[in-house]
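The structure under discussion appears below in the form of structure tokens.
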Protein chains: 2
Amino acid sequence: MSMSSHIQVNKSDLLNDASVEALAETFKALGDSTRVRILDAVFRAELCVGDIADLLGLTESAVSHQLRVLRGMRLVRPRRAGQQIFYSLDDQHIVKLFAQGLEHVEERARAGRG
Amino acid sequence: MSMSSHIQVNKSDLLNDASVEALAETFKALGDSTRVRILDAVFRAELCVGDIADLLGLTESAVSHQLRVLRGMRLVRPRRAGQQIFYSLDDQHIVKLFAQGLEHVEERARAGRG
DNA sequence: TGAATATGTGAGCTCATGCTCATATGTTCA
DNA sequence: TGAACATATGAGCATGAGCTCACATATTCA
């Protein structure tokens, strides 16, 4: 048990619980390599479930399950066209999130070498 | 099994495996409410383990375990000062990631109501 | 309408993850 | 050095998450 206490931050300064949860949920949705691949794919072009599955070498069921997660977090948006449903990124924030994430990854790689 | 194939994206266009994994790992580290809270706290001020635990109402062990994850992803940086170890955000990308994440969350909340 | 196609979903299995508890490591100071 | 304090770590447990498989739903078109 620590007895230190240099507390210069008050609990009321912190993010509220709802924002913390929402933020964590969003990042959690992005925190899986299959979902990252799907998002990367639909960023390049609007794609239907079967095409995503083919492109990434996954079953359509697996893709559908993951798209459900991504839809739930409004990271992708579906558009029905006949029997098929085409998916695209829901908004541009995701692109920026990805870009920021990649910047961190590259920064990390540099620091790792340096 | 889908027979569609409107494939307008080639596998070689996609992010390479290493980047996908690194990106997913980074987001995964951000995808937990405890770690979000810790990052939010050390963003406000450089804090030692005991203070983080007090501030967030967690055991020091739990905090230490999570800091290990965050250190591993270079999201926080330790600085020893006597018996204590103070943590701060490792770089500014994390701040931007958080900001982008919050923007998405707010966008999502708006869309949810609208 | 009914067969064919495309996607969605639930159950169940396996593996990952976050916590607690006990203990180890590291640092200060008498 | 050794006691006290601060942090780290490993084992073990309970829960969560992603996949497969079977099946349900939805759309087209002959």
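In what follows, chains carry the letters A, B, and so on, assigned in the order in which the sequence lines appear, proteins first and then strands, with residues in each chain numbered from 1.
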Return the residues of residues 31-40 of chain A meeting this criterion: a heavy atom under 4.0 Å from some atom of DNA chain D. Order them by number, or give none.
-> A:Asp32, A:Thr34, A:Arg35
Set of side-chain contact (heavy atoms from CB on, under 4.5 Å) partners for B:Glu106, sequence neighbours left out | B:Leu102, B:Arg110
Give me, pair by pair, the N or O atoms of the protein and of nucleotides 21-30 of chain D that are less than 3.5 Å apart, along with how far apart they are.
unit_1, atom_1, unit_2, atom_2, d
D:dC21, N4, A:Ser61, OG, 2.7

Look only at the side chain of A:His104 and the backbone of B:Met73, and say whether a donor-acceptor pair between them is shorter than 3.5 Å.
-> yes
What nucleotide among C:dG8, D:dC19, D:dT7 has an atom nearest to a side-chain atom of B:Ile85?
-> D:dT7
Should B:Arg37 and A:Asp17 count as an ion pair when the cut-off is N to O under 4.0 Å?
-> yes
Interatomic distance where CD belongs to A:Glu60 and C1' belongs to C:dG8 [whole Å] = 11 Å
Could you tell me whether B:Phe86 contacts a base, only the sugar-phosphate backbone, or nothing, with contacts defined as non-hydrogen atoms closer than 4.0 Å?
-> nothing
Can you see which heavy atom on B:Leu30 is nearest to which on B:Phe98, and at what distance?
-> CD2-CE1, 4.1 Å
When the distance from CZ of B:Arg79 to P of C:dG26 is rounded to whole Å, what number comes out?
-> 20 Å
For DNA chain D, the residues among residues 16-24 of chain B that have a non-hydrogen atom under 4.0 Å from it | none
For A:Arg71, the side-chain contact (heavy atoms from CB on, under 4.5 Å) test, sequence neighbours excluded, returns A:Arg68, A:Val76, A:Pro78, A:Tyr87
Which residues satisfy the side-chain hydrogen bond (donor to acceptor under 3.5 Å, both in side chains) test with B:Glu103, sequence neighbours excluded?
-> A:His93
Can you sort out the partners of B:Ala53 under side-chain contact (heavy atoms from CB on, under 4.5 Å), two or more places apart, ordered by chain and number?
-> B:Glu60, B:Val63
Sorted by chain and residue number, the side-chain contact (heavy atoms from CB on, under 4.5 Å) partners of B:Gln92 (sequence neighbours excluded) come out as B:Val95
Atom CG of B:Leu67 and atom P of C:dC19 are separated, to the nearest Å, by 11 Å
State whether the side chain of B:Asn10 and the backbone N or O of B:Asp13 hold a donor-acceptor pair below 3.5 Å, judged by distance alone.
-> no
Starting from C1' on C:dT17, measure out to CG on B:Leu70 and report it in whole angstrom.
-> 14 Å
Sidechain N-carboxylate O distance under 4.0 Å for B:Lys96, B:Asp91 | no
Any pair counted as ring-ring contact (aromatic ring centres under 6.0 Å, His included), so long as it reaches residues 40-68 of chain B, sequence neighbours left out | none
Out of curiosity, does A:Leu39 fall in the hydrophobic cluster containing A:Phe86 (side-chain heavy atoms, cut-off under 4.5 Å, transitive links)?
-> no
Rounded off to whole Å, could you give me the CD-to-C1' distance for the A:Gln84 and C:dT5 pair?
-> 9 Å
Want to know the stems of DNA chain D: at least 3 consecutive Watson-Crick or G-U pairs with distances under 3.5 Å, which are they?
-> C:1-30 with D:1-30
B:Arg80: what forms a salt bridge (charged side-chain N to carboxylate O under 4.0 Å, His left out) with it, not counting sequence neighbours?
-> none
Find the distance B:Glu25:CD to C:dA16:C1' and express it as a whole number of Å.
-> 11 Å
Phosphate-side-chain proximity, A:Lys28 and C:dT17, N/O vs OP1/OP2 below 4.0 Å = no
Restricting to pairs with a member in residues 27-36 of chain B, which pass side-chain hydrogen bond (donor to acceptor under 3.5 Å, both in side chains), not counting sequence neighbours?
-> B:Arg35-B:Gln66
Separation of B:Arg71 atom CZ from D:dT7 atom P, in whole Å?
-> 12 Å
Find the distance B:Arg68:CZ to C:dT20:P and express it as a whole number of Å.
-> 17 Å
Does B:Tyr87 put a side-chain nitrogen or oxygen below 4.0 Å from OP1 or OP2 of D:dA8?
-> yes
